[in-house]
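So the structure is just underneath, and the comments pick up after that.
Position 1 is the first residue of the sequence, and the numbers go up from there.
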Amino acid sequence: MSILIIQILNSLFYASVLFLIAAGLSLIFGVMRIVNMAHGTLYGIGAFVTAWLVGRAVAAGMPVWLAFLCILWGGLPLTADAVMDVVPSMHIGGFIYPGYYLIVIGIGIVAALGLWLVIYRTRFGVLLRATSQDRRMASALGLNVGLVYVSAFAIGCFMAGLGGAVIVPSQAAVLGMGIDALILAFVVVVIGGLGSLQGALVGALIVSFVRTLMIQFAPEIELAVLYLIAAGVLLVRPTGLFGSA
């Protein structure tokens, strides 16, 4: 039972990081109708910048808990594992589970709720949805479409950077890490539907739980299974589970 709880928490941890990346990718596509191929690079930049800031802060004598705040601003293998050490761990059965993973899960939940509120409960969200549905009509009505584009792109880039920032305390920032993240993000949005916030969330959960299960029982076919799931979804719904034509 303890192992099951740990695997569920691990899946939620990876789902939170994947959601941050995929949600930014979907937001940019949903508004601007472009696929940001540099999204993985932004994820890597977030990881490197955070590791550098935390490392410099700790080396300068700043308390680790204060250096943790640098994560929000989120070359050479770098890591911010000092953050992992300052967050208390929790005991599940006979196992010790990093408390930092729970913080990342919380960040993912807050990010999902925050994006939903911004998109569906604010005036700015109305502008985003109007621009995404009919750019010419929105411009004719006097909306500053260019500013909406820039804002959407900035939010999407920040989400990717934040994904790299929250992952780097648990793993080293290395060259090429953005490519792996981009591949998984594309699998997420293919399953969930490109341009859909709900799709990014559901897709991240599906990919994360399947990935955790495969790593546990059949690591050699992990990516193959994810690709097969994505292909199966495309056969049934070419726009993804929550995408629209």
Check: Would V233 and Y227 show up in the same hydrophobic cluster when neighbours are defined by side-chain heavy atoms closer than 4.5 Å?
Finding: yes
Checklist line | Single-linkage hydrophobic cluster, 4.5 Å side-chain cutoff, I96 and V104 together | finding: no
Can you measure from [atom1] ([X]) to [atom2] ([Y]) and round to the nearest 0.5 angstrom?
X	Y	atom1	atom2	result
L205	L18	CG	CG	9.5 Å
M159	H39	CE	NE2	8.0 Å
L197	L27	CG	CG	8.5 Å
R211	L223	CZ	CG	7.5 Å
Q7	N10	CD	CG	5.5 Å
L102	I107	CG	CD1	11.5 Å

Note to self: side-chain contact (heavy atoms from CB on, under 4.5 Å), that's the test. Do L9 and Y14 meet it? Break it down for me.
What the structure shows: CA-CA 9 Å; L9 291 175; Y14 287 118; over 6 Å; no
Notebook entry, point to check: Are any side-chain N or O atoms of S208 and backbone N or O atoms of A15, one a donor and one an acceptor, separated by less than 3.5 Å?
Noted result: yes
Checklist line | Under 3.5 Å donor-acceptor, S132 side chain and R129 backbone | finding: yes
Next item on the list: Show the numbers, then the answer: is there a side-chain contact (heavy atoms from CB on, under 4.5 Å) between V174 and M177?
Entry: CA-CA 6 Å; V174 296; M177 65 183 297; 4.2 Å; yes
Note to self: Can you confirm whether I8 is buried at CD1, in the sense that more than 12 heavy atoms of other residues, nucleotides or ligands lie under 6.0 Å from that atom?
What the structure shows: yes
Check: Under 6.0 Å from the CD1 atom of I179, do we count more than 12 heavy atoms belonging to anything else shown?
Finding: no
Check: Got a sec, which pairs hit salt bridge (Lys or Arg N to Asp or Glu O under 4.0 Å) with one end in residues 2-18, sequence neighbours left out?
Finding: none
Notebook entry, point to check: With a 4.5 Å heavy-atom cut-off, do L20 and F158 have their side chains touching?
Noted result: no
Considering residues at least two apart in sequence or located in another chain, which fulfil the side chain to side chain donor-acceptor pair (under 3.5 Å) criterion with [X]?
X	result
T212	S11
Y149	none
R135	none

Note to self: I'd like to check the ring pair (Phe, Tyr, Trp, His ring centres under 6.0 Å) partners of F13; sequence neighbours left out, ordered by chain and number.
What the structure shows: Y101
Next item on the list: Supply the members, apart from L182, of the Ile/Leu/Val/Met/Phe/Trp/Tyr cluster built from side-chain contacts under 4.5 Å; use none for a lone residue.
Entry: L25, F29, V35, M37, F186, V189, L194
